[in-house]
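Structure, as structure tokens:
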Amino acid sequence: MANNAQLWTDKGAEEFLAKEYPWFVDSWNNYAFPIQRADAIRYFVLHKFGGIYLDMDTQCNQTFPMHEVENDSDEHIAVFKSTTPTGVTNDLMIASKNHPAFTMAVAQLPYYYAWTRFWAEYGPYINIMLSSGPLFLSLVVKDYLLQQAVIPGPTVKVISPPNLDGYITDLESSTWHRADAQTLMWLGTRPWTWFTMGAIGTFFGLCLINYLLLAFYGFFARRVLNISARLKEAKVA
């Protein structure tokens, strides 16, 4: 891998896509949120050139040991950083040029865009995560690995964040987060809220089921009584 650094701007990214991947330009321009374009461009750049991608809020502490990543064979290699709860994140990625996992990623982006664009404004955080973010990448990597003869595949490595602490520091600025993201993050750090919401939901769910059963029983009970009454009237007549 070459040791050249490149900072990608919106203009440079759009020119690059128009030249190398023109079939994606319409989806790119119609993304609801700028972060989706920032997510997408990183997959295309790594697919085309290979190399290392780092978010702008990543602080480099020392030289990354690329000799531990690269292999002596002609096989592709990709490195992802693990995260919870999605699987892998896209704030740090290493890949060889034309890695098949990234071939799959760029090919899948238009399909994920097509079926998430209608509800983008109603759930920004989930929409971004699924259309182009870490959840999207995790699903693509999972599908790629499931196609391999051996799991984990020799062409993909997943590194846990503690193993990267000496090399990088993730400042986690999360500038793209909106109110819904903050709410979900708040809930995620308070498990008791899920149990409370689950208990309340279960209670009201049981009340609704009970009401529907009583209404159903009452309806048919009245029908049976009416039929019985008519039969008695017919016999008397």
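Just the heavy atoms: all of them, side chains too, but no hydrogens, waters or symmetry mates, feed the values below.
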Mind checking side chain to side chain donor-acceptor pair (under 3.5 Å) for Tyr53 and listing every partner two or more places apart, or none if nothing turns up? Arg42, Asp55

When you look at Met93 and Ile52, which way does the side chain to side chain contact (heavy atoms under 4.5 Å, CB included) test go after all the steps? CA-CA 6 Å; Met93 297 179 289; Ile52 304 175; over 6 Å; no

same_hphob_cluster(Met129, Tyr122) at 4.5 Å side-chain heavy-atom cutoff: yes

Pairs involving residues 128-138, ordered by first then second residue, that meet side-chain hydrogen bond (donor to acceptor under 3.5 Å, both in side chains) (sequence neighbours left out): Gln36-Ser131, Asp39-Ser132

Would the Phe44 and Phe49 ring centres measure less than 6.0 Å apart? no

What is the minimum heavy-atom distance between Pro22 and Ala18, and which atoms define it? CB-O, 3.6 Å

Would Tyr113 and Tyr31 count as a close aromatic pair, with their ring centres under 6.0 Å? yes

Is there a side-chain contact between Ile94 and Phe64 in this structure, where contact means two heavy atoms from C-beta onward sitting under 4.5 Å apart? yes

Worked verdict on Lys81 versus Val158 for side chain to side chain contact (heavy atoms under 4.5 Å, CB included): CA-CA 6 Å; Lys81 185 175 77 171; Val158 177; over 6 Å; no

What's the spacing between Leu213 CG and Ile209 CD1 if we round to 0.5 Å? 7.5 Å

Who passes salt bridge (Lys or Arg N to Asp or Glu O under 4.0 Å) against Glu14, sequence neighbours left out? none

Please answer whether the main-chain N or O of Thr116 pairs with a side-chain N or O of Asn127 as donor and acceptor at a distance below 3.5 Å. yes

How close do Leu46 and Gly51 get, heavy atom to heavy atom, and via which atoms? CD2-O, 3.5 Å

For Tyr111 and Trp115, work out which heavy atoms get closest and say how close. O-CD1, 2.7 Å

Hits for salt bridge (Lys or Arg N to Asp or Glu O under 4.0 Å) against Lys11, two or more places apart or cross-chain, chain-then-number order -> Glu15

Is the gap between the ring centers of Tyr21 and Tyr43 under 6.0 Å? no

Applying salt bridge (Lys or Arg N to Asp or Glu O under 4.0 Å), which residue pairs with at least one partner in residues 20-37 are found, sequence neighbours left out? Glu20-Lys48

Which pair of non-hydrogen atoms, one from His76 and one from Asn98, has the smallest distance, and what is that distance? CE1-O, 3.4 Å

In the single-linkage hydrophobic clustering (I, L, V, M, F, W, Y; side-chain heavy atoms under 4.5 Å), do Leu92 and Met56 co-cluster? no

For a 4.5 angstrom cut-off between non-hydrogen side-chain atoms, does Asp170 reach Asp57? yes

When the aromatic ring centroids of Phe80 and Phe102 are compared, is their separation below 6.0 Å? yes

Among the clusters formed by ILVMFWY side chains lying less than 4.5 Å apart, do Ile200 and Phe203 turn up in the same one? yes

Worked verdict on Phe136 versus Leu130 for side chain to side chain contact (heavy atoms under 4.5 Å, CB included): CA-CA 5 Å; Phe136 161 78; Leu130 182 57; 5.6 Å; no

What are the two closest heavy atoms between Pro161 and Ser82, and how far apart are they? CD-OG, 3.3 Å

So, applying ring-ring contact (aromatic ring centres under 6.0 Å, His included) with Phe16, which one of Phe24, Trp28, Trp8 is it? Trp8

Between Trp23 and Leu17, is there a shared hydrophobic cluster once you connect ILVMFWY residues whose side-chain heavy atoms come closer than 4.5 Å? yes

Side chains of Thr169 and Asn61: any donor to acceptor distance under 3.5 Å? yes

Is any side-chain heavy atom of Leu54 less than 4.5 Å from a side-chain heavy atom of Asp91? no

Do Ile77 and Lys157 make a side-chain contact, defined as non-hydrogen atoms from C-beta onward lying under 4.5 Å apart? yes

Partners meeting side chain to side chain contact (heavy atoms under 4.5 Å, CB included) with Tyr144 (sequence neighbours left out): His99, Pro100, Ala101, Met104, Gln148, Thr155, Val156

Per the side-chain contact (heavy atoms from CB on, under 4.5 Å) rule, which among Asp143, Leu139, Leu137 passes with Val141? Leu137

